[in-house]
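Hydrogens, waters and symmetry mates are skipped; everything else that's a heavy atom, side chains included, is used. Chain identifiers are assigned alphabetically (A, B, ...) following the order of the sequence lines, protein sequences preceding nucleic acid strands; residue numbering begins at 1 within each chain. Computed from a predicted model, the values in this text were never measured in an experiment.
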There are 2 protein chains.
Amino acid sequence: MMGVIGPEVVSDVDFDLRRLRYFVAVAEELHFGRAAARLHIAQPALSRQIRALEDALRTALFVRDRRTTVLTAAGEQLLADARDLLAAAEAAHRRVTAAAEAKPVLTVGFMPASWSPRRCECWSATGRTSASG
Amino acid sequence: MMGVIGPEVVSDVDFDLRRLRYFVAVAEELHFGRAAARLHIAQPALSRQIRALEDALRTALFVRDRRTTVLTAAGEQLLADARDLLAAAEAAHRRVTAAAEAKPVLTVGFMPASWSPRRCECWSATGRTSASG
DNA sequence: AGAAATTACGTCTTCCGTAAAAATA
DNA sequence: TATTTTTACGGAAGACGTAATTTCT
């Protein structure tokens with residue numbers, strides 16, 4: 001499905017964070033059985049979700065070689081990005097929780113590896129004393 | 001729900017990208033009706049999803065003042081993070097698609113505003129000619 | 001009354017787990 | 001035949017829309 005119409009044409013990236021977690025598990029294990037066990041779900045459910053992800057991306061992520069499971073180039077790219085995305089989501093969750101408690105937020109230099117910068121300097125320290133109503 | 005058990009205790013960040021999009025719409029419009037129209041869904045559905053998001057985060061995101069809708073401090077934080085997360089997801093989608101087509105990927109300096117760096121230098125240029133099997 | 005958000009309810013899609021099937025060494 | 005993944009099927013959870021409800025100006 002596409003984002004639709006008007007000034008708002010979002011590409012509607014259809015990967016769920018849950019699906020991304022599933023994908024990372026399979027990509028790391030390279031074995032649907034072990035990945036399913038690690039995720040505490042049944043194998044068929046995992047297989048379906050991975051296929052659904054591939055369909056949504058319109059891109060093959062694994063090469064199922066009958067006996068072996070290997071990542072495609074797209075799969076390798078997604079593995080890197082998925083890890084970053086999940087980490088970013090978790091970090092966001094922490095920041096939101098912290099903001100709710102009106103605690104000062106300290107952001108330390110951080111950057112996803114997939115952006116592979118040649119050089120990067122980045123830091124910040126934001127102290128906020130509860131200024132909310 | 002928590003990630004569960006063993007060496008893998010993921011905090012199970014429960015925000016869906018779809019819910020995040022819904023949230024951004026409301027946060028930008030500060031009006032459930034307009035936001036729902038913009039998202040092409042009904043108002044109640046949107047209201048429920050926002051509440052579900054707040055429940056999942058265990059954090060209030062809006063102050064519903066009957067007549068007005070305002071962001072909480074946590075809401076403001078999430079707005080910034082959500083935009084970055086959605087942008088990152090979209091970028092990841094593009095990179096994955098590009099990788100699938102074995103095109104060289106050019107990453108230009110980019111950094112979410114929410115990390116509010118005092119100073120940041122960051123660039124990279126990765127050329128990859130189809131080396132996949 | 002009028003406007004804005006939430007709850008109630010019925011429906012439809014999606015997701016999961018168990019069981020069976022396909023495919024390969 | 002054993003192992004790994006995928007399809008089939010029935011049940012549970014989630015999400016949406018329409019309609020009714022609450023609350024404040």
Side-chain angles (χ1 to χ4, degrees), chain A residues 1-5 8 10 12-72 75 133, chain B residues 1-5 8 10 12-72 74-75:
Chain A
M1 194 208 290
M2 265 303 207
V4 189
I5 303 171
E8 295 268 339
V10 183
D12 237 338
V13 183
D14 230 346
F15 39 45
D16 218 327
L17 258 45
R18 177 178 44 89
R19 282 204 180 131
L20 243 47
R21 259 187 291 269
Y22 288 2
F23 165 77
V24 170
V26 178
E28 288 180 352
E29 302 285 350
L30 291 178
H31 190 286
F32 280 76
R34 283 194 296 272
R38 183 172 129 185
L39 293 165
H40 306 290
I41 64 172
Q43 213 158 340
L46 182 56
S47 183
R48 275 185 305 242
Q49 290 304 323
I50 297 297
R51 182 162 297 280
L53 181 60
E54 289 180 312
D55 288 352
L57 265 53
R58 316 191 68 81
T59 303
L61 299 171
F62 295 100
V63 180
R64 284 87 157 174
D65 203 69
R66 280 99 165 120
R67 206 62 184 177
T68 56
T69 303
V70 194
L71 282 166
T72 62
Chain B
M1 196 211 288
M2 263 304 205
V4 188
I5 301 170
E8 295 268 339
V10 182
D12 235 339
V13 183
D14 231 347
F15 39 47
D16 217 328
L17 257 45
R18 177 179 44 90
R19 278 202 234 257
L20 244 46
R21 259 188 291 268
Y22 288 1
F23 166 76
V24 170
V26 177
E28 288 180 350
E29 300 287 349
L30 289 178
H31 190 286
F32 281 76
R34 283 194 295 274
R38 182 172 130 185
L39 293 166
H40 306 289
I41 64 172
Q43 210 158 343
L46 182 56
S47 184
R48 273 185 306 246
Q49 291 303 323
I50 296 298
R51 181 162 297 280
L53 181 60
E54 290 180 310
D55 288 352
L57 265 54
R58 316 191 69 79
T59 303
L61 299 172
F62 295 101
V63 180
R64 284 87 155 172
D65 203 70
R66 278 97 167 121
R67 205 65 184 177
T68 57
T69 302
V70 196
L71 282 165
T72 62

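For C:dT24, neither phosphate oxygen OP1 nor OP2 lies less than 4.0 angstrom from any side-chain nitrogen or oxygen of A:Arg64. Remark: A:Tyr22 is in phosphate contact with C:dC16, judged by side-chain N or O atoms under 4.0 Å from OP1 or OP2. In this structure, B:Arg18 reaches the D:dC16 phosphate: one of its side-chain N or O atoms is under 4.0 Å from OP1 or OP2. Of the side-chain N and O atoms in A:Arg51, none sit less than 4.0 angstrom from OP1 or OP2 of D:dT5. Note on B:Arg48: every side-chain N or O is 4.0 Å or more away from OP1 and OP2 of D:dG14. Between B:Ser47 and the phosphate of C:dA5, there is no side-chain N or O to OP1/OP2 separation shorter than 4.0 Å. Taking 4.0 angstrom as the limit, B:Gln49 places a side-chain polar atom (N or O) nearer than this to OP1 or OP2 of D:dC16.
Of all non-hydrogen atoms in B:Arg19 and B:Ala52, the two that sit nearest each other are NH1-CB, 3.0 Å.
Minimum atom distance to the side chain of B:Ile41 is reached by D:dG17, of the listed C:dA19, D:dA15, D:dG17. Taking every side-chain heavy atom of B:Pro44 into account, C:dA8 is the closest of C:dA8, C:dA4, D:dT5.
Taking atom CG of A:Asp16 as the reference point, atom C1' of D:dA15 lies 13 Å away to the nearest angstrom. Between B:Gln43 atom CD and D:dT21 atom P there is a gap of 17 Å when expressed in whole angstrom units. Counting to the nearest Å, the P atom of D:dT7 and the CZ atom of A:Phe32 are 11 Å from each other. The distance between atom CD1 of B:Ile50 and atom C1' of D:dA15, rounded to the nearest whole Å, is 14 Å. In this entry the distance linking CG of B:Leu46 with P of C:dA4 reads 14 Å, nearest Å. Distance B:Leu53 CG to C:dT6 P: 13 Å, rounded to the nearest Å. Straight-line distance from the CG atom of A:Leu39 to the P atom of C:dC16: 10 Å, rounded to whole Å.
No contact: B:Phe62 has no heavy atom under 4.0 Å from any strand. At the heavy-atom level, B:Ala45 lies under 4.0 Å from the strands shown only through sugar-phosphate atoms.
With the nearest nucleotide of DNA chain C identified for both A:Ala42 and B:Arg34, B:Arg34 has the one nearer the 5' end.
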Could you walk me through whether A:Tyr22 and A:Leu53 pass the side-chain contact (heavy atoms from CB on, under 4.5 Å) check? CA-CA 10 Å; A:Tyr22 288 2; A:Leu53 181 60; over 6 Å; no

Check the pair A:Leu17 / B:Leu17 against side-chain contact (heavy atoms from CB on, under 4.5 Å), numbers first and verdict last. CA-CA 7 Å; A:Leu17 258 45; B:Leu17 257 45; 3.3 Å; yes

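With A:Gln49 contributing its side chain and A:Arg18 its backbone, the two residues share no donor-acceptor pair below 3.5 Å. Here the side chain of B:Thr72 pairs a donor or acceptor atom with the backbone of B:Leu61 at under 3.5 angstrom.
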